[in-house]
Amino acid sequence: MHDYDAIVIGTGGVGSAAVMQLAVRGARVLGLDRFAGGHDRGSSHGQTRVIRRAYFEHSDYVPLVQRAFELWDELERASEQRLFQQTGLLQVGPAHGLVLPGVLRSARQHQLDVESFTADEVGRRFPGFVAAPDCAAVLETGAGFLYVERCVLAHLAEARRHGAELRSDVTVRSWRTSGDDVVVETDQGAFAAGRLVIAAGAWAGELLADLGVPLRVLRKPLHWFANDDPRYGLAQGCPVFLYECPGGVFYGFPDLDDGRGLKAADHHGGAVVDDPLAVSREVDTAEHDNVARFLAQHLPGVSHRAIGHAVCMYTMSPDEHFIVDRHPGCPQVAFAAGLSGHGFKFTSVLGEALADLALEGATTLPIGFLSVGRFGVS
Ligand SMILES: Cc1cc2nc3c(=O)[nH]c(=O)nc-3n(C[C@H](O)[C@H](O)[C@H](O)COP(=O)(O)OP(=O)(O)OC[C@H]3O[C@@H](n4cnc5c(N)ncnc54)[C@H](O)[C@@H]3O)c2cc1C
């Protein structure tokens with residue numbers, strides 16, 4: 001006998017959306033997390049996240065991100081606050097590199113609106129931005145960023161409004177099936193439900209160890225730089241930017257004019273994290289200098305003075321694509337794991353997919369390419 005129709009382990013990016021979707025459908029749902037909503041100990045913090053449609057990583061993500069945009073829009077209206085900011089996304093890189101061909105492929109396959117131009121034009125179109133002469137650029141006007149903590153908190157608030165029970169300061173130790181039910185063991189006792197959703201971010205490897213899919217957690221710093229150059233201001237039309245450079249893929253956001261400066265980061269690299277609870281949150285000077293060098297070359301008006309930093313974690317799947325599925329051995333368990341550093345924009349739609357998998361056993365959302373079966377797990 002269970003008290004809940006569904007339990008969601010982890011109410012960060014994905015779990016907050018899942019718990020809301022389950023509650024909206026009338027399920028009696030319990031969301032459990034070790035930390036309070038919008039916290040900075042996992043993978044969903046640091047002010048902003050890029051959202052874009054012309055997906056260079058794999059064009060199969062495009063229908064999912066289209067649905068994610070609709071859901072963000074619905075959440076924005078329900079929560080009566082701005083969650084998405086359209087700024088356009090300027091992507092610069094070699095014409096035959098990783099990023100630009102992938103962007104153009106996705107745009108072609110899904111008739112997305114993107115504009116290509118030369119390195120010379122980058123500075124004319126976006127004063128303050130410099131592109132290497134052997135590069136080209138693509139602009140996706142409809143892209144922008146999400147206010148990451150606000151999104152998580154908005155999902156949780158909507159979940160609560162629809163009757164979800166949310167408990168933070170609860171550490172889940174393990175879960176097991178018991179007949180058709182699932183029992184979740186925590187430091188505050190056991191909870192039983194008909195269905196379980198696991199959305200544990202950097203801790204997914206522990207809770208899904210029996211799948212045998214290795215998930216590698218990486219330490220990823222974010223750096224904020226002082227800025228008084230209006231060319232990089234949100235209000236002045238500065239876009240989100242992503243550059244594929246010989247030294248890695250760097251990206252950043254306009255100065256939001258909130259006193260925090262301009263945020264930039266390196267998408268590649270990062271130290272492997274053995275224990276996500278003990279990740280070092282100190283500034284690493286070499287990592288900071290690497291991003292500062294990128295800015296000096298490509299956004300030379302931004303100051304090198306560091307005025308903030310945060311440490312976040314990527315959870316890498318073996319092929320760097322998400323794993324979203326039902327547990328092969330336990331059909332009452334659905335999970336999302338290994339978001340590989342590009343998952344936040346999708347969290348709204350992943351919540352919908354997980355609620356479908358948990359309650360209906362299947363989803364019409366096109367997530368087949370994200371199944372765990374691709375790793376030979378059955
Ligand atoms: C620096 C950085 C930049 C990024 N930039 C982008 C971007 O621009 N665009 C984009 O789309 N994506 C981006 N990402 C990726 C994106 O942010 C993540 O994929 C996404 O936020 C992961 O969400 P999650 O729900 O899996 O993890 P989290 O939000 O961390 O949620 C997991 C939750 O589970 C809880 N939990 C885990 N185990 C337990 C347990 N045993 N007991 C209780 N609670 C538990 C944790 O406390 C946590 O709250 C970025 C990530 C980082 C780190």
Side-chain angles (χ1 to χ4, degrees), residues 2 4-32 44 51 55 58 60-75 78 151-152 154-156 158-166 175 177 180-182 184 193-201 204 207-208 211 213 317 321-339 343-375 377-378:
H2 52 252
Y4 300 97
D5 296 321
I7 292 176
V8 177
I9 303 177
T11 55
V14 177
S16 62
V19 90
M20 185 200 89
Q21 288 286 344
L22 288 161
V24 165
R25 296 175 198 196
R28 288 169 305 151
V29 55
L30 171 66
L32 298 174
S44 302
I51 180 165
Y55 224 65
H58 197 309
D60 285 359
Y61 285 101
V62 176
L64 289 178
V65 81
Q66 304 272 39
R67 177 65 183 146
F69 263 101
E70 288 173 7
L71 290 167
W72 289 122
D73 187 46
E74 283 175 22
L75 184 64
C151 290
V152 174
H155 270 137
L156 293 178
E158 279 302 287
R160 209 176 276 112
R161 198 167 71 79
H162 285 90
E165 183 180 337
L166 299 172
W175 61 270
T177 54
D180 290 341
D181 285 357
V182 182
V184 176
R195 299 283 184 272
L196 175 64
V197 171
I198 301 177
L207 291 167
L208 293 164
L211 293 177
V213 179
S317 76
H321 296 295
F322 316 157
I323 315 173
V324 186
D325 212 331
R326 286 203 298 168
H327 189 293
C330 314
Q332 61 273 60
V333 179
F335 65 93
L339 268 54
F344 193 82
K345 63 184 80 58
F346 296 94
T347 53
S348 56
V349 69
L350 293 181
E352 186 171 61
L354 288 168
D356 288 346
L357 293 177
L359 296 181
E360 317 296 338
T363 181
T364 54
L365 290 162
I367 59 166
F369 72 113
L370 304 175
S371 77
V372 70
R374 73 186 191 272
F375 300 114
V377 180
S378 57

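This one's a predicted model, so the numbers in the text were calculated from it and none came from an experiment. Keep in mind that the numbers below use all heavy atoms, side chains included, and drop hydrogens, waters and symmetry copies.
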Knowing that exactly one of V349, L350, L339 qualifies, which makes a side chain to side chain contact (heavy atoms under 4.5 Å, CB included) with V324?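 So, applying the side chain to side chain contact (heavy atoms under 4.5 Å, CB included) to V324 and each of V349, L350, L339, only L350 qualifies.
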
Hey, which of V197, L207, V14, V372 is the one that makes side chain to side chain contact (heavy atoms under 4.5 Å, CB included) with F335?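 Testing each of V197, L207, V14, V372 against F335, the sole residue satisfying side chain to side chain contact (heavy atoms under 4.5 Å, CB included) is V372.
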
Cut-off 3.5 Å, no hydrogens considered: what does the side-chain donor-acceptor table look like for residues 354-361, sequence neighbours left out?
unit_1: D356; atom_1: OD1; unit_2: R25; atom_2: NH1; d: 2.7
unit_1: D356; atom_1: OD1; unit_2: R25; atom_2: NH2; d: 3.0
unit_1: D356; atom_1: OD2; unit_2: T363; atom_2: OG1; d: 2.6

List the atom of [X], the atom of [Y], and the distance in Å for their closest heavy-atom pair.
{"X": "V152", "Y": "S44", "answer": "CG2-CB, 4.1 Å"}
{"X": "A23", "Y": "A164", "answer": "CB-CB, 3.9 Å"}
{"X": "V182", "Y": "G194", "answer": "CG2-O, 4.4 Å"}
{"X": "A17", "Y": "H155", "answer": "CB-CE1, 3.5 Å"}
{"X": "A6", "Y": "L22", "answer": "CB-CD1, 4.0 Å"}

Which value, rounded to the nearest 0.5 Å, describes the distance between [X] atom [atom1] and [Y] atom [atom2]?
{"X": "L64", "Y": "E352", "atom1": "CG", "atom2": "CD", "value": "10.0 Å"}
{"X": "I323", "Y": "I367", "atom1": "CD1", "atom2": "CD1", "value": "12.0 Å"}
{"X": "L32", "Y": "L166", "atom1": "CG", "atom2": "CG", "value": "9.0 Å"}
{"X": "L196", "Y": "D181", "atom1": "CG", "atom2": "CG", "value": "11.5 Å"}
{"X": "H2", "Y": "D180", "atom1": "NE2", "atom2": "CG", "value": "9.5 Å"}
{"X": "R195", "Y": "I7", "atom1": "CZ", "atom2": "CD1", "value": "12.5 Å"}

Holding to side-chain contact (heavy atoms from CB on, under 4.5 Å), I want the full list of residues that pass it with T177, two or more places apart in sequence or in another chain. W175, C330, Q332

Can you name the residues that form a side-chain contact (heavy atoms from CB on, under 4.5 Å) with A154, not counting sequence neighbours?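 A154 satisfies side-chain contact (heavy atoms from CB on, under 4.5 Å) with L75, S79, Q81, L83 once adjacent residues are dropped.
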
For [X], side chain to side chain donor-acceptor pair (under 3.5 Å) partners two or more places apart:
{"X": "R326", "answer": "none"}
{"X": "H327", "answer": "D210"}
{"X": "E165", "answer": "Y4"}
{"X": "E74", "answer": "none"}

For a side chain to side chain contact (heavy atoms under 4.5 Å, CB included) check, start with the C-alpha distance between V213 and L208, then their side-chain angles and the critical distance, and finish with the verdict. CA-CA 8 Å; V213 179; L208 293 164; over 6 Å; no

Go through the structure and list residues passing salt bridge (Lys or Arg N to Asp or Glu O under 4.0 Å) with D60, not counting sequence neighbours. none

Quick one: list whatever passes salt bridge (Lys or Arg N to Asp or Glu O under 4.0 Å) with R160, sequence neighbours left out. none

Classify the ring geometry of F369 against H58: parallel below 30°, tilted from 30° to 60°, perpendicular beyond 60°. tilted

Y55 meets the ring-ring contact (aromatic ring centres under 6.0 Å, His included) criterion, sequence neighbours left out, with Y61, H342, F346

Residues which pass ring-ring contact (aromatic ring centres under 6.0 Å, His included) with F344, listed by chain and number, not counting sequence neighbours: W72

Check: [X] side chain, [Y] main-chain N or O, donor-acceptor pair, under 3.5 Å:
{"X": "S348", "Y": "A68", "value": "yes"}
{"X": "R374", "Y": "L370", "value": "yes"}
{"X": "D5", "Y": "R28", "value": "yes"}

